[in-house]
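Here the structure is a predicted model, which is why all the values come from computation and not from measurement. For the numbers below, each heavy atom of this structure counts, side chains included, while hydrogens, waters and symmetry mates do not. One-based numbering, in listed order, for ligands and for the atoms of each.
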Amino acid sequence: MKIIGVIGAGQMGAGIAQVSAAAGYDVLLSDRDKPLADKGVAGIAKILARSVEKEKISTADRDATLARIKTVGSTADFGPCDLVIEAATEREEIKRAIFAEVGKVLRTDAILASNTSSIPITRLAQAAPDASRFIGVHFFNPVPVMGLIELIRGLATSDATLAAVEAFGRKLGKEIVHANDAPGFIVNRVLMPMINEAIFALGEGVATMQDIDAGCRLGLNHPMGPITLADFIGLDTCLEIIRVLHSGTGDPKFRPAPLLVKYVEAGWTGKKSGRGFYDWTGPEPVPTR
Ligand code: 3HC
């Protein structure tokens, strides 16, 4: 593999583009339009500049990584890609439309992967040009920091597709775990009930949000408390995933916390909107309740 296409230049897509370019791949990064893709690269440049300041990478490394990323306004230019990773909005109809679009130009030996956090891979594969060359490649946020990739095979994913994507993941320096195509895969199956439960506990007045977060941070040695982490991931994303767990398993233990639903309805989706359970507009998140 030499050329990686990344669809979606948001937090996840930009992170995937960054680590792919840093590992030596040429990257084509697209979004709904070129200015959005360029915005993703501006974010990558900022992160790399910080790494230079901290003397983690040289200026030459930074320049080489940035030079390997080319932005495009649509996937029409993805013809030369060996692997295309879709990291667009977590909405099935959007992903299906993207697969139809990129399918028009994808080589017949190229692999299409989705960074979906919860949509079943076998179902998504139906919208891909070839289900045997389709796979789930789930990265974690922030992509440059988190050491894991979850690989999810659909029913029709071939051994060759899996092997090629495993080799790609290892070249990025990530550990790989394999999950079956079950709701939430591994990490979100475990994480989202914890986040949901923390929000239930908050709604029921078990403790303040600061104490729930500090309890888990210090009592469990987690880098962030679950309510901060929910804001960091995006409350809408958390709700979407918990709903997939609920509908996919039919198990009432996954019912979404009413307070989580309320916050999403209010548009308080967390860090990305400036407000969730915390106010993120300043240098440090400030509790809002
Ligand atoms: N991009 C690149 N690097 C970043 C970054 C970003 N967005 N944010 C932080 N970093 C780097 C910093 O530069 C710093 O690097 P250094 O150690 O080389 O100096 C390092 O990460 C630590 O950052 P900070 O000192 O600023 O802050 P913290 O020590 O508080 O760490 C954190 C920040 C890495 C985000 C840490 O709090 C953490 O690990 N939080 C948990 C994150 C997590 O659980 N992610 C998974 C979410 S679930 C998911 O993604 C799945 C999805 O489907 C929902």
Side-chain angles (χ1 to χ4, degrees), residues 8-22 39-58 61-62 65-66 85-91 95 113-121 124 136-152 172-175 177 179 182-196 198 213-214 216-218 220-245 248 260 264 269-272 276 278 280 283-285:
Q11 233 172 11
M12 297 305 287
I16 295 166
Q18 180 187 330
V19 295
S20 301
K39 196 172 158 208
V41 172
I44 296 171
K46 252 194 217 158
I47 290 164
L48 292 175
R50 238 180 288 143
S51 297
V52 171
E53 270 165 36
K54 290 180 184 167
E55 298 183 351
K56 297 225 144 188
I57 60 168
S58 65
D61 289 339
R62 176 199 62 195
T65 298
L66 285 172
I85 302 173
E86 168 277 316
T89 306
E90 192 66 355
R91 294 239 312 272
K95 293 186 189 292
S114 176
N115 179 54
T116 180
S117 47
S118 59
I119 303 172
I121 298 303
L124 273 185
V137 181
H138 186 208
F139 287 81
F140 294 83
N141 183 21
V143 177
V145 179
M146 306 303 282
L148 183 72
I149 295 176
E150 258 180 339
L151 290 186
I152 308 102
L172 302 190
K174 305 291 187 195
E175 287 278 337
V177 292
F185 315 133
I186 302 170
V187 177
N188 281 328
R189 170 74 181 258
V190 176
L191 171 66
M192 289 302 160
M194 183 187 74
I195 285 177
N196 199 40
D213 271 351
C216 293
R217 208 163 27 80
L218 302 171
L220 300 172
N221 230 1
H222 289 185
M224 285 174 166
I227 299 173
T228 310
L229 182 57
D231 267 8
F232 181 75
I233 293 168
L235 299 182
D236 51 342
T237 305
C238 292
L239 180 59
E240 193 57 41
I241 298 170
I242 199 85
R243 282 186 168 146
V244 167
L245 286 167
L260 174 60
V264 174
T269 52
K271 187 175 179 185
K272 62 184 159 191
Y278 289 84
W280 292 83
E284 292 295 325

Rounded to the nearest 0.5 Å, how far does [atom2] of [Y] lie from [atom1] of [X]?
X      : Y      : atom1 : atom2 : answer
Leu220 : His222 : CG    : NE2   : 4.5 Å
Leu124 : Ile119 : CG    : CD1   : 5.0 Å
Leu229 : Ile195 : CG    : CD1   : 4.5 Å
Glu150 : Thr116 : CD    : OG1   : 10.5 Å
Thr269 : Trp280 : OG1   : CH2   : 12.0 Å
Ile16  : Ile85  : CD1   : CD1   : 5.5 Å

Using a strict cut-off of 4.0 Å, indicate which atoms of ligand 1 neighbour a heavy atom of [X].
X      : value
Ser117 : 53 (O)
His138 : 51 (C), 52 (C), 53 (O)
Pro223 : 36 (C), 37 (O), 38 (C), 39 (O), 40 (N), 41 (C)
Ile47  : 1 (N), 2 (C)

Considering heavy atoms of the protein only, find what lies nearest to [atom] and give residue, atom and distance to 0.1 Å.
atom                    : answer
atom 49 (C) of ligand 1 : Phe140 CD2, 3.5 Å
atom 54 (C) of ligand 1 : Ile233 CG2, 3.5 Å
atom 14 (C) of ligand 1 : Lys54 NZ, 3.6 Å
atom 3 (N) of ligand 1  : Val145 CG2, 3.3 Å
atom 7 (N) of ligand 1  : Pro142 CB, 3.4 Å

Could you tell me whether [atom] has at least one protein heavy atom nearer than 4.0 Å?
atom                    : value
atom 18 (O) of ligand 1 : yes
atom 22 (C) of ligand 1 : no
atom 39 (O) of ligand 1 : yes
atom 27 (O) of ligand 1 : no
atom 45 (N) of ligand 1 : yes
atom 33 (C) of ligand 1 : no
atom 10 (N) of ligand 1 : yes

Check whether any N or O atom of Asn188, backbone or side chain, sits under 3.5 Å from an N or O atom of ligand 1, and answer yes or no.
yes
Under 3.5 Å, is there a donor on one side chain and an acceptor on the other for [X] and [Y]?
X      : Y      : answer
Asp61  : Ser58  : yes
Ser118 : Asn188 : no
Ser117 : Glu90  : yes

Any heavy atom of His222 closer to ligand 1 than 4.0 angstrom?
no
Judged on heavy-atom distance to atom 43 (C) of ligand 1, which of Lys56, Met224, Met146 sits nearest?
Met146
Shortest reach to atom 48 (S) of ligand 1 by a heavy atom, considering only Leu229, Asn141, Leu191
Leu191
Indicate yes or no: at least one non-hydrogen side-chain atom of Phe140 is less than 4.5 angstrom from one of Leu191.
no
Does any part of the side chain of Ile121, heavy atoms only, come nearer than 4.5 Å to the side chain of His138, both counted from C-beta?
no
For the pair Lys174 (side chain) and Met146 (backbone), establish whether a donor and an acceptor sit closer than 3.5 Å, ignoring hydrogens and angles.
yes
In terms of heavy-atom contacts, does NZ of Lys39 have more than 12 from other residues, nucleotides or ligands at under 6.0 Å?
no
For ligand 1, which part of Thr237 has a heavy atom less than 4.0 Å away: the side chain, the backbone, both, or neither?
neither
